[in-house]
Amino acid sequence: MVQDFFTGLDGTVEYAGIDSTDPYAYKVYDKDRIVLGTRMEDHLRIAVCYWHSFNWPGSDVFGSGTFDRPWLEPTDDPIGAARSKMDAAFEFVSKLGIPFFCFHDVDIAPAGDTFAESAANLDTMVGYAEEKMAATGIKLLWGTANVFSHPRYAAGAGTNPDPEVFAYAAAQVKHALEATHRLGGANYVLWGGREGYETLLNTDLKQEAEQLGRFLSLVAEHKHKIGFTGTLLLEPKPQEPTKHQYDYDSQSVQGFLDRFDLLDEYRVNLEVNHATLAGHSFHHEVAYAVDNGILGSIDANRGDYQNGWDTDQFPNSVEELSLAVHEILRGGGLGSGGFNFDTKLRRQSMDRMDLFHGHIGGIDTLAQSLLVAADMIEQKTLTGARADRYAGWSGDLGTGILDGTESLESLEAKVAAGDLDPDPVSGRQEYLENRINEVIWKRGG
Ligand code: XUL
Ligand code: CO
């Protein structure tokens with residue numbers, strides 16, 4: 001008998017509109033609503049993450065778990081406990097009424113004493129996930145391997161100074177990729193939490209880059225060998241847990257992929273709080289990825305402006321998210337990607353039902369951001385202003401410069417002859433900020 005864990009809610013969370021006072025109803029997220037010709041659910045492709053929502057007991061570096069998570073209690077039947085955890089996860093995602101989940105190998109299956117035992121546990125739990133997915137219709141947005149928590153990975157996985165650790169990580173990633181394939185995952189993610197350094201005093205940067213390039217090539221080769229058609233994604237983050245991580249941001253990942261001839265194989269999974277840790281806005285990271293053809297998927301959350309670490313809070317700012325969603329729409333959408341809620345409750349949010357409040361608020365914020373972004377696309381709020389600003393580059397001079405017709409000599413000749421006399425023009429930042437606010441306010445955001 002499958003036990004119900006979220007008995008505080010009998011049915012599912014449904015769209016009820018902005019006038020509803022039901023805390024377990026969506027005020028904006030209406031999955032069948034058509035936005036720019038596509039259903040809202042298909043634009044956003046929302047996922048719940050296993051790790052923060054079902055594995056984390058609410059502990060922090062100063063104290064133990066505070067959460068009410070019966071499936072995490074000590075047990076002498078680890079597979080039974082993993083099944084209960086999966087029951088809870090699928091019950092929650094079903095009640096939330098969203099289409100996807102995401103997991104690390106160690107989130108869904110208990111570690112064994114040996115690699116073979118851990119791999120067998122994973123296979124068992126993948127079998128159970130298949131049953132759950134078939135029964136609920138919930139799909140897998142992405143799977144990944146946790147090659148950063150175990151002590152063997154303290155000095156890195158692919159970038160470890162010891163090739164035996166590289167081999168261990170390769171074995172684990174191979175198995176997690178195959179599990180993702182078996183579950184029909186739309187993507188596979190690699191986040192390099194320990195692929196970086198603590199100190200340059202003991203680090204050979206050149207050597208570690210070669211290793212990481214090789215690691216990523218091996219994963220891409222295996223993807224093709226097993227016929228996995230999902231997208232491989234790298235998740236940039238500048239630091240934490242290591243002092244410096246190689247996948248610092250979109251731009252450094254793009255350079256790295258280019259160097260190892262892997263641009264056709266990988267895209268990025270961008271996380272809001274990782275962007276801000278890198279000193280960027282999330283808007284910047286998304287715009288960079290869109291304009292360089294590497295946007296894959298999103299880990300939705302938010303940081304805290306008063307501190308400097310990854311707080312992974314639920315998103316609640318339409319103003320910030322709508323700018324990023326606008327760039328995603330401008331780029332043609334997320335394709336096989338989606339919005340994974342890589343979000344965690346605050347340690348004091350110890351009631352099991354707080355998981356609903358966090359997700360419902362984040363999902364509504366995202367839905368409202370989609371509506372605002374769609375208005376901005378339709379009204380050409382930013383695309384029109386940008387096109388006007390660069391209009392000169394479609395004229396003879398602009399195209400001649402870019403296509404190689406012009407040289408430094410020919411340009412000097414034009415300037416010296418007095419043919420060109422450019423006037424500085426306003427960037428109109430405040431004007432544009434006001435136009436964006438008008439779109440948001442008209443939507444009632
Ligand atoms: C860590 C992080 C990870 C990845 C998956 O900051 O975001 O949870 O999303 O390994
Ligand atoms: Co993440």
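In what follows, every heavy atom counts, from backbone to side chain, and hydrogens, waters and symmetry copies are set aside. First listed ligand is number 1; within each ligand, the first listed atom is number 1.
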**Message:** Can you classify the ring geometry of His175 versus Phe115 as parallel (below 30°), tilted (30 to 60°) or perpendicular (above 60°)?
**Reply:** perpendicular
**Prompt:** Does CD in Gln348 sit with more than 12 non-hydrogen atoms of other residues, nucleotides or ligands closer than 6.0 Å?
**Reply:** no
Give me the pairs of N or O atoms, one from ligand 1 and one from the protein, that sit under 3.5 Å apart.
{"residue": "ligand 1", "atom": "6 (O)", "partner": "Lys237", "partner atom": "NZ", "Å": "3.0"}
{"residue": "ligand 1", "atom": "6 (O)", "partner": "His274", "partner atom": "NE2", "Å": "3.0"}
{"residue": "ligand 1", "atom": "6 (O)", "partner": "Asp310", "partner atom": "OD2", "Å": "3.2"}
{"residue": "ligand 1", "atom": "7 (O)", "partner": "Glu235", "partner atom": "OE2", "Å": "2.7"}
{"residue": "ligand 1", "atom": "7 (O)", "partner": "Glu271", "partner atom": "OE1", "Å": "2.8"}
{"residue": "ligand 1", "atom": "7 (O)", "partner": "His274", "partner atom": "NE2", "Å": "3.4"}
{"residue": "ligand 1", "atom": "7 (O)", "partner": "Asp342", "partner atom": "OD2", "Å": "2.8"}
{"residue": "ligand 1", "atom": "8 (O)", "partner": "Trp51", "partner atom": "NE1", "Å": "3.1"}
{"residue": "ligand 1", "atom": "8 (O)", "partner": "Asp342", "partner atom": "OD2", "Å": "3.3"}
{"residue": "ligand 1", "atom": "9 (O)", "partner": "Glu235", "partner atom": "OE1", "Å": "2.7"}
{"residue": "ligand 1", "atom": "9 (O)", "partner": "Glu235", "partner atom": "OE2", "Å": "2.9"}
{"residue": "ligand 1", "atom": "9 (O)", "partner": "Asp299", "partner atom": "OD2", "Å": "3.0"}
{"residue": "ligand 1", "atom": "9 (O)", "partner": "Asp342", "partner atom": "OD2", "Å": "3.0"}
{"residue": "ligand 1", "atom": "10 (O)", "partner": "His104", "partner atom": "NE2", "Å": "2.7"}

**Asked** Without hydrogens or angle criteria, can the side chains of Thr159 and Glu195 be said to hold a donor-acceptor pair below 3.5 Å?
**Response** yes
**Item:** Interatomic spacing from CG in Asn269 to CH2 in Trp191 - rounded to 0.5 Å
**Value:** 12.0 Å
**Request:** Would you sort out whether Glu235 and Asp247 count as a side chain to side chain contact (heavy atoms under 4.5 Å, CB included), showing the intermediate values?
**Result:** CA-CA 7 Å; Glu235 185 173 322; Asp247 296 340; over 6 Å; no
**Request:** Please determine if Asp42 and Arg39 form a salt bridge, counting it only when a charged side-chain N lies under 4.0 Å from a carboxylate O.
**Result:** yes
**Request:** Under 2.8 Å from the Co ion (ligand 2), how many protein N/O/S atoms do you get? Just the number, please.
**Result:** 4
**Item:** Option among Phe6, Phe101, Phe5 that satisfies the ring-ring contact (aromatic ring centres under 6.0 Å, His included) test with Phe92
**Value:** Phe6
**Prompt:** Is the number of heavy atoms from other residues, nucleotides or ligands under 6.0 Å of Asp113 CG greater than 12?
**Reply:** no
**Request:** Indicate yes or no: at least one non-hydrogen side-chain atom of Leu44 is less than 4.5 angstrom from one of Tyr29.
**Result:** yes
